Structure formats: C-alpha cells, structure tokens
Amino acid sequence: MGYIHRTAGYTLEAHVALTAVSAKDFAVIMILGGRAPEYLRNDPSVLSLVREFADQNKVVCALGHGVQLLTAAGLTRGRTVTCHEHIQVEVEKDGGNYVDKPAVRDGKLVTGRSWRAHPEFYREVFACLDERTLAAGR
C-alpha cells in the first residue's frame, strides 16, 4: 500500500509514486482544483509529467485552480482557457487567453472554471477521448 493522506475529512491512498508515472501509459491527465495545485506547481516532477502529456499530444484537462499547473508548466501560452477567476492573472502572464465560460476546449487541452462546471467540462473531456478513440480506429 502507498502513502495515505488525510486532510479535512478526505482520505486518499496513493498506489503509485508520481515519479513512476509515464504519460505513455495513459490517455489523459486530469488536474483537479482546490488548494493542491498551489503547492504542486512548485514540484518539478509534477510539471515535467504535465509537460510530458502535452508533448505526447495526450488529452490534458484542468479544473478550477488546477490550471495553475498548466501556467507553471508554460502550457497556457497561446491557448484559450477558463479557470477559477483568481487564476486569470496567471494565465495572462503566461501568454494565455482567459475566457469566462464554464468549460473551454482548445485542441486537446480542456479546462473548466470550477466544480460547478462539471457537466460542460466532462462533456468536452469525453468528446476529446472519443475523438482519440476514433482516430486510433478502435
């Protein structure tokens, strides 16, 4: 068993170390919001993994504050995204285009404003995955 993290009533058990994850083994990376991205954006191994997904043309998704990892990795530059309103300045400093919409898809980059945008966000996520499956002939 892996590390168990308990905070604010949530229990998360890690089954694999972050440094053992490779983008080649996955179709998508999902970056959730909350407070964690504020800290994770300072971890070079996290940023490297996020860039690896983008470099391999995989689907990259971020919700709310999760977009902080995209900006820290330089992945919003020249892209159109949405996110929590307080992250707008980070997107714009990275050279990204912030739009105030529930969810935005820019190629294989899908972003959502907050958990309240789950329907619109996941609709775009699944559309990306469907297109990926069709392109692979599956």
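On a predicted model such as this, the values are computed, not experimentally measured, just so you know.
- Minimum heavy-atom separation, C128 to V110: SG-CG2, 3.7 Å.
- Through side-chain heavy atoms spaced under 4.5 Å, either directly or across other Ile, Leu, Val, Met, Phe, Trp or Tyr residues, V104 is tied to V99.
- Residue Y39 belongs to no hydrophobic cluster, having no ILVMFWY side-chain heavy atom closer than 4.5 Å to its own.
- For the residue pair F121 and C61, the shortest heavy atom distance occurs at CZ-CB, 3.8 Å.
- For H84, the ring-ring contact (aromatic ring centres under 6.0 Å, His included) partners are H65, H86, not counting sequence neighbours.
- Nearest heavy atom pair, residue A72 against residue L47, reads CB-CD2, 3.7 Å.
- Remark: L49 CG to I29 CD1 distance equals 4.5 Å, nearest 0.5 Å.
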Next item on the list: Decide yes or no on side-chain contact (heavy atoms from CB on, under 4.5 Å) for T111 and E124, but give the supporting numbers first.
Entry: CA-CA 9 Å; T111 54; E124 295 298 338; over 6 Å; no
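- Under the 4.5 Å side-chain heavy-atom criterion for ILVMFWY residues, no single connected hydrophobic cluster contains both L32 and I87.
- The nearest pair of heavy atoms linking P102 to T82 is O-CG2, 3.8 Å.
- Contacts of Y122 classified as ring-ring contact (aromatic ring centres under 6.0 Å, His included), with partners at least two apart in sequence or in another chain: H118.
- For the atom pair CD of E52 and CZ of F26, the computed distance is 10.5 Å after rounding to the nearest 0.5 Å.
- The distance from atom OG1 of T80 to atom CG of L109, rounded to the nearest 0.5 Å, is 9.5 Å.
- Considering every non-hydrogen atom in both L69 and P37, the closest pair reads CD2-O, 4.0 Å.
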Check: V67 and T76: side-chain contact (heavy atoms from CB on, under 4.5 Å), yes or no, with the steps?
Finding: CA-CA 8 Å; V67 174; T76 59; 4.3 Å; yes
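- Nearest heavy-atom pair across L18 and S45 is CD2-OG, 4.0 Å.
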Next item on the list: Go through C83 and R113 one step at a time and tell me if the side-chain contact (heavy atoms from CB on, under 4.5 Å) criterion holds.
Entry: CA-CA 4 Å; C83 56; R113 188 182 316 142; over 6 Å; no
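- Listed by chain and residue number, nothing satisfies the side chain to side chain donor-acceptor pair (under 3.5 Å) test with E85 (two or more places apart in sequence, or in another chain).
- Residues satisfying the side chain to side chain donor-acceptor pair (under 3.5 Å) criterion with S114, sequence neighbours excluded, are absent altogether.
- Salt-bridge check for E90 with R41: passed, with a basic side-chain N closer than 4.0 Å to an acidic carboxylate O.
- For E131 and R105, the salt-bridge test passes: some basic side-chain N is under 4.0 Å from an acidic carboxylate O.
- Proximity of L63 to I31: side-chain heavy atoms (C-beta onward) are nowhere separated by under 4.5 Å.
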Check: Should Y98 and E92 be marked as a side-chain contact (heavy atoms from CB on, under 4.5 Å) after you check the CA-CA gap, both sets of side-chain angles, and the distance that decides it?
Finding: CA-CA 7 Å; Y98 168 83; E92 291 171 347; 4.1 Å; yes
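- Separating the CD atom in Q68 from the CG atom in D94 is a distance of 12.0 Å, to the nearest 0.5 Å.
- Using modelled atom types, no side-chain atom of K108 and backbone atom of K58 make a donor-acceptor pair closer than 3.5 Å.
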